[in-house]
Amino acid sequence: MSDRKLVIAAAQLGPIQKAEGRDVAVGRMLRLMEKAHQRGVQVVVFPELALTTFFPRWYEEDIANAAHWYETSMPSNATAPLFEAAKKYGIGFHLGYAEKTPDGHHFNTAIYVHPSGETVLKYRKVHLPGHRDFDPIRKVQHLEKRYFEVGDLGFPVIRAPLGDTEANIGMMICNDRRWPEAWRVMGLQQVELVMLGYNTPSLNMDNRGFEAHHLRVEHSHLSIRAGAYQNACFAVATAKAGTEDGHELFGHSIIVNPQGEIMAQATSWQDELITVEADLGMCALGRSTIFNFAAHRRPEAYGSITGQIGSTPPPAWRPG
Ligand code: CDV
C-alpha cells in the first residue's frame with residue numbers, strides 16, 4: 001500500500017445514433033461527470049470518438065461531406081460544458097474525438113484535460129484499422145484509413161498532477177491496445193496509467209463476421225490485461241457500447257491493475273460509470289522485479305521489431 005491513491009472511472013457511453021448531435025452526447029457525458037463527482041472520482045475516461053456515432057462505418061465518396069464529424073477547436077461551443085464541469089467538480093477527463101487541424105490534417109485524437117481546463121496531453125491514433133476505399137464485400141465499412149492520417153505524436157507519456165498525487169500518464173486509442181509495441185513504448189517511459197477509449201464491433205467484419213462471438217471481448221481484455229501486466233501500469237479502457245443504427249459495439253469497459261487483474265467491468269450496453277481506487281504504488285512491484293527493464297531487457301535481440309513491418313518466413317529445415 002502507498003499513499004499515492006487515485007479514484008478513477010471509465011465512463012462508458014451507450015450508442016450514439018448518426019442523427020444525434022453533439023449536444024446529446026455532451027449532455028449524457030455531463031450526467032456521468034456529475035455521477036463521478038458524487039462518487040469522489042478524480043479522473044474520468046470517456047471513449048474513442050465520444051462526441052458522435054462511430055462515423056467511419058459510413059462511406060462518403062467526397063470526403064468533404066464528412067467535414068461535420070470533426071472538431072476544429074477544443075474546447076468548442078459544444079464541448080465547453082465538459083471543461084466547465086471538470087472545473088466545477090475538480091475532475092480531470094480524457095476525451096476521444098475526431099480532430100481537424102488548422103492546416104487541414106485529420107486525426108483520431110484523445111486528450112487528457114486537467115480540472116483547470118488545460119490540456120495536459122494529446123495523442124493521435126497510430127494503429128488505424130480498416131480500409132481506405134469502399135469495400136463491396138463488407139456488410140459494414142470500417143473507413144478509418146479514409147478519414148484519418150496515422151498519428152504523428154508517437155506514444156507520449158507525461159508526469160502530471162492527478163487528484164491528490166502525481167502520475168505518469170499515457171494514452172492509446174482502440175486498435176492500439178492490441179499492439180504490444182504501443183504498450184512497451186509507454187512502459188519504457190514508466191507509464192503508470194494508460195487511458196484508452198474504444199469502439200469495437202461485436203462482429204469481425206474483416207472476416208465477414210466469422211469469428212467466435214465470445215472471443216471478441218476476450219481478445220480485447222486479453223490485450224489490455226497483458227499490456228498492463230507487462231508494463232506494470234493501470235489501464236482504464238472505456239467503450240462505446242450498444243447498437244448504433246443497427247450496428248452493435250460490444251462494450252465491456254474495464255479497469256485493470258498492474259497485476260493484469262480486472263478491478264471493475266461494465267455490465268450494460270448503456271451509459272455506465274465504473275470506478276476504482278487505484279494505488280499507484282502498485283506499479284513499483286512489476287517495475288522493480290520481473291519487468292525491471294534496465295536489468296532484463298535485451299534490445300540487441302529485438303532489432304526486427306522496429307526494422308521491419310510485415311513478417312517474413314523463417315528458413316526451412318529438412319531431415320537428412
Ligand atoms: N475503432 C477500432 O480501432 N476498432 C478496431 C476494430 C475494427 C477491430 C479494434 O481494434 O477494436
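Values reported hereafter were calculated over all heavy atoms of this structure, with side chains retained and with hydrogens, waters and symmetry mates removed. Since this is a predicted model, take the numbers as computed values, not measurements. Atoms within each ligand, like the ligands themselves, are counted from 1 in listed order.
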So if I count the atoms of ligand 1 from 1 in the order they appear, which ones are less than 4.0 Å from some heavy atom of [X]?
X      : value
Lys125 : 1 (N), 2 (C), 3 (O)
Glu144 : 1 (N), 2 (C), 3 (O)
Thr200 : 9 (C), 11 (O)
Asn199 : 1 (N), 2 (C), 4 (N)
Cys174 : 1 (N), 2 (C), 3 (O), 4 (N), 5 (C), 9 (C), 11 (O)

- Applying ring-ring contact (aromatic ring centres under 6.0 Å, His included) between Tyr123 and each of Tyr112, Phe107, Phe155, Tyr97, report the one that passes.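 Considering Tyr112, Phe107, Phe155, Tyr97, a ring-ring contact (aromatic ring centres under 6.0 Å, His included) with Tyr123 is found only for Phe155.
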- Query: Measuring from Leu273:CG to Arg39:CZ, what's the distance to the nearest 0.5 Å?
  - Reply: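 Those atoms lie 4.5 Å apart.
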- Message: Distance check, rounded to the nearest 0.5 Å: His68 atom NE2 versus Phe55 atom CZ?
- Response: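 One finds 8.5 Å between NE2 of His68 and CZ of Phe55.
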- Message: I'd like to know if the side chain of Glu244 and the backbone of Ile16 have a donor-acceptor N/O pair within less than 3.5 Å.
- Response: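 Looks like yes, one N/O pair under 3.5 Å.
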- Task: Pick one of side chain, backbone, both or neither for how His219 approaches ligand 1, counting any non-hydrogen atom pair under 4.0 Å.
- Result: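 It is neither part, as no heavy atom is under 4.0 Å.
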- Query: Relative to ligand 1, is Phe54 under 4.0 angstrom through side chain, backbone, both or neither, heavy atoms considered?
  - Reply: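 Within the 4.0 Å criterion, Phe54 contacts ligand 1 through side-chain atoms alone.
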- His127: heavy atom below 4.0 Å from ligand 1, yes or no?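 No, that is not the case, since the closest heavy atom of the residue is not under 4.0 Å from the ligand.
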- Do the ring centers of Phe46 and His94 come within less than 6.0 Å of each other?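 No, too far apart.
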- Between Arg124 and Glu99, is there a salt bridge with N-O shorter than 4.0 Å?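 Looking at Glu99 and Arg124, the cut-off is met.
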- Message: Heavy atom to atom 10 (O) of ligand 1, shortest distance: which of Glu48, Arg178, Arg216, Lys240 holds it?
- Response: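 Minimum heavy-atom distance to atom 10 (O) of ligand 1 goes to Arg178.
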- Message: Within the structure provided, determine whether Phe293 and Leu188 are in side-chain contact (heavy-atom separation under 4.5 Å).
- Response: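 When only atoms from C-beta onward are counted, Leu188 and Phe293 do touch, with a gap below 4.5 Å.
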- Message: Could you identify the single nearest non-hydrogen protein atom to atom 7 (C) of ligand 1 and state the distance to 0.1 Å?
- Response: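 I find the closest protein heavy atom is His142 CE1, 3.2 Å.
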